[in-house]
Peer 1: 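Just dropping this structure here.
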There are 2 protein chains.
Amino acid sequence: MVELRADARRNLERVLDAATEVFAASGPDVSIDEIARAAGVGHGTVFRRFPTKDDLMYAVIERHVAQMCAFAAEALESDDPGEAFFGFAHRVAELAMSTPGLHKCVVHCGEKPRGAELGELSRKVIARAQRAGALRSDLEPADVGPLIRAALMAAPAGQWRLYLDVVLDGLRA
Amino acid sequence: MVELRADARRNLERVLDAATEVFAASGPDVSIDEIARAAGVGHGTVFRRFPTKDDLMYAVIERHVAQMCAFAAEALESDDPGEAFFGFAHRVAELAMSTPGLHKCVVHCGEKPRGAELGELSRKVIARAQRAGALRSDLEPADVGPLIRAALMAAPAGQWRLYLDVVLDGLRA
DNA sequence: CCTGAAACGGACTGATGAGTCCGCTTACGT
DNA sequence: ACGTAAGCGGACTCATCAGTCCGTTTCAGG
C-alpha cells in the first residue's frame with residue numbers, strides 16, 4: 001500500500017468510524033450493507049479495503065484489544081499479584097462493558113488479531129495470582145477468562161458489576 | 001386432532017426422534033431440512049405437524065423442562081433450603097449438560113413452553129435459600145439462573161462441574 | 001376393491017447476507 | 001488540460017434457510 005488517494009483515505013476513515021459505531025451498537029451480526037450505508041459508501045468500497053467481514057472487525061477491535069494488553073502488562077508490574085489480578089479483571093470488564101457490542105466482536109474474533117497476545121499476558125497475570133495463593137488453583141488460567149466473559153455477557157443492562165463480583169468471589173482461594 | 005392416520009403417526013414419531021437427536025447433536029441452529037433428512041421425510045411433512053421451527057423445538061424439549069420443574073418441586077419439599085438449592089442446581093446442571101445441544105434449545109426457547117413455570121418454581125427455591133441465609137441476597141432470584149447457565153455454556157467439554165462450582169461458591173452468602 | 005380424504009414431499013418463494021465484477025467517475029502527475 | 005490508473009458503488013452471483021403450495025400417493029372405511 002504505497003499511498004492512498006485522498007478520496008480513498010477519506011472513505012477508509014468513514015468506514016472504520018461507521019463500523020465502530022455500528023458494531024458497538026449491534027454486535028458482530030450486523031451486515032456489511034448496514035455499515036456501508038452508515039458510512040455513506042457502497043458496500044463494494046468496504047470489501048475493497050477489508051476482503052472479509054472478519055478483517056473489518058479485526059481492524060475495529062484492534063485498539064480495544066491493545067488496551068486490554070496494556071492493562072495486563074501493567075498488572076504484571078504490581079508487586080501484589082492478587083490485587084493485580086482483581087484490578088486487571090475490573091479494568092478489563094469496565095472496558096468491555098463500556099461497549100458491549102464491541103466486546104461481542106472481540107469474543108467472536110477469539111484468537112485472531114492480537115487475541116493470542118492478550119491470552120498469553122492474561123495467563124501470566126492469573127498464574128501469578130494463583131502462585132501467590134490469592135486465586136483458587138484447581139482451575140487452569142485459561143478457564144478464568146471464559147468464566148468472567150460468560151458472566152458479563154449474561155448480565156442484563158446495569159447488573160454486570162454484580163455478576164462480575166459473584167464470579168470473582170467464586171474464584172478467590 | 002381426532003386420530004392420526006397410521007403413516008402420519010409413524011412419521012410424526014420419526015420426526016420427533018430425529019429432531020431430538022439432531023438438536024442434541026448440534027443445538028438450535030440446525031435447519032429443518034437437516035432434521036427432515038435425518039427423519040427420512042420431506043420437510044413439508046415436518047412443517048405440517050409443527051408450523052414453525054420453534055414449535056418443533058418446544059415439542060422436543062418439553063420433557064427436559066418438565067423434568068427440571070420436578071426437581072424444583074422436590075427441592076421445595078426439603079426442610080433445608082440451602083441444601084435444597086445447591087442440590088437443585090446440581091441436578092439441573094447435570095441434566096442440562098447431559099445433552100448440551102438440547103440445553104441450548106431450552107435457552108433459545110426461553111420463557112415459551114413451560115419455561116415460565118420452571119422460572120417461577122426456581123424463583124421460589126432461590127428466594128427460600130436467600131431467606132434462610134444460605135445464599136447472598138444482594139441479587140435477585142432471577143439473576144441466579146442466567147449466571148449458572150452462562151457458566152455452564154462457557155465450559156469446555158469436561159469442565160462444567162468446575163465452572164459450576166466456582167459460580168455456586170460465589171453465590172454463597 | 002374402490003374411492004375420497006388425509007398425508008406426503010419436493011419444487012417454489014421470499015428474505016438475508018457475504019463476496020465479486022465491471023462500467024463509470026475522479027484524483028492527481030505531467 | 002488531460003490521460004490514466006486508482007477508486008467507486010451498485011447490480012449480480014451464490015448460498016442458506018424458513019415457510020408455502022400443490023400434484024401425487026397412500027391409508028382406511030364401506
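By convention in this document, chain letters (A, B, ...) are assigned in the order of the sequence lines, proteins followed by strands, and residues within each chain are numbered from 1.
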Peer 1: Hey, which of these two, R48(A) or P28(B), hits DNA chain D nearer its 5' end, going by closest nucleotide?
Peer 2: R48(A)
Peer 1: Looking at R49(B), I'd like to know whether one of its side-chain N or O atoms comes within less than 4.0 Å of OP1 or OP2 on dC8(C).
Peer 2: yes
Peer 1: Thinking salt bridges, do E120(B) and R123(B) make one under a 4.0 Å N-O criterion?
Peer 2: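 Answer for the salt bridge query: yes.
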Peer 1: Measure CG/L4(A) against C1'/dA5(D) and give the value in whole Å, please.
Peer 2: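 Going from L4(A) (CG) to dA5(D) (C1'), I get 14 Å.
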Peer 1: What is the distance, to the nearest angstrom, from the CG atom on D55(A) to the P atom on dT20(C)?
Peer 2: 11 Å
Peer 1: Between R5(B) and dA5(C), is there a side-chain N or O to OP1/OP2 distance below 4.0 Å?
Peer 2: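 R5(B) to dA5(C) OP1/OP2: no side-chain N or O under 4.0 Å.
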Peer 1: Could you state the atom-to-atom distance from CG of L12(B) to C1' of dC27(D) in whole Å?
Peer 2: 16 Å
Peer 1: Output the rounded distance in Å from CG (D7(B)) to P (dA28(D)).
Peer 2: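 Interatomic distance, CG of D7(B) to P of dA28(D): 6 Å.
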Peer 1: Would you mind telling me which of dG19(C), dC8(C), dG7(D) lies closest to the side-chain atoms of T45(B)?
Peer 2: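 Minimum distance to the T45(B) side chain belongs to dC8(C).
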Peer 1: Relative to the 5' end of DNA chain D, which residue comes earlier, I32(B) or A6(B), by the nucleotide with the nearest heavy atom?
Peer 2: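 Closer to the 5' end of DNA chain D: I32(B).
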Peer 1: Between P on dC8(D) and CZ on R9(A), what's the gap in Å once rounded to a whole number?
Peer 2: 12 Å
Peer 1: Considering every strand and a 4.0 Å limit on heavy-atom distances, what is the contact class for V46(B): base, sugar-phosphate, or nothing?
Peer 2: nothing
Peer 1: Tell me whether the side-chain N/O atoms of S31(A) come closer than 4.0 Å to OP1 or OP2 in dT16(C).
Peer 2: no
Peer 1: Return yes if a side-chain donor-acceptor contact under 3.5 Å exists between D55(B) and T52(B), otherwise no.
Peer 2: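 Per modelled atom types, D55(B) and T52(B) side chains form a pair under 3.5 Å.
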Peer 1: In whole angstroms, how far is the P atom of dG9(C) from the CZ atom of R14(B)?
Peer 2: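 Distance check: R14(B) CZ to dG9(C) P gives 8 Å.
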Peer 1: Reckon N11(B) has a side-chain N or O less than 4.0 Å from the OP1 or OP2 of dA7(C)?
Peer 2: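 No, N11(B) has no side-chain N/O under 4.0 Å of OP1/OP2 on dA7(C).
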Peer 1: So does Q67(A) have more than 12 non-hydrogen atoms from other groups sitting under 6.0 Å from CD?
Peer 2: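 Yes - once you tally the heavy atoms of other residues, nucleotides and ligands closer than 6.0 Å, there are more than 12.
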Peer 1: I need the CD-P distance between E34(B) and dG10(C), as an integer number of Å.
Peer 2: 16 Å
Peer 1: Measure CZ/F47(B) against P/dC21(D) and give the value in whole Å, please.
Peer 2: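 Nearest whole value for this atom pair: 13 Å.
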Peer 1: In this structure, are over 12 heavy atoms from other groups packed under 6.0 Å from R172(B) atom CZ?
Peer 2: yes
Peer 1: Taking atom types as they are modelled, is there a donor-acceptor pair under 3.5 Å from the base of dG10(D) to the side chain of H43(A)?
Peer 2: no
Peer 1: Do you know which two heavy atoms are closest between S78(B) and R128(B), and how far apart they sit?
Peer 2: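 Taking S78(B) first and R128(B) second, the nearest heavy atoms are O-NH2, 2.9 Å.
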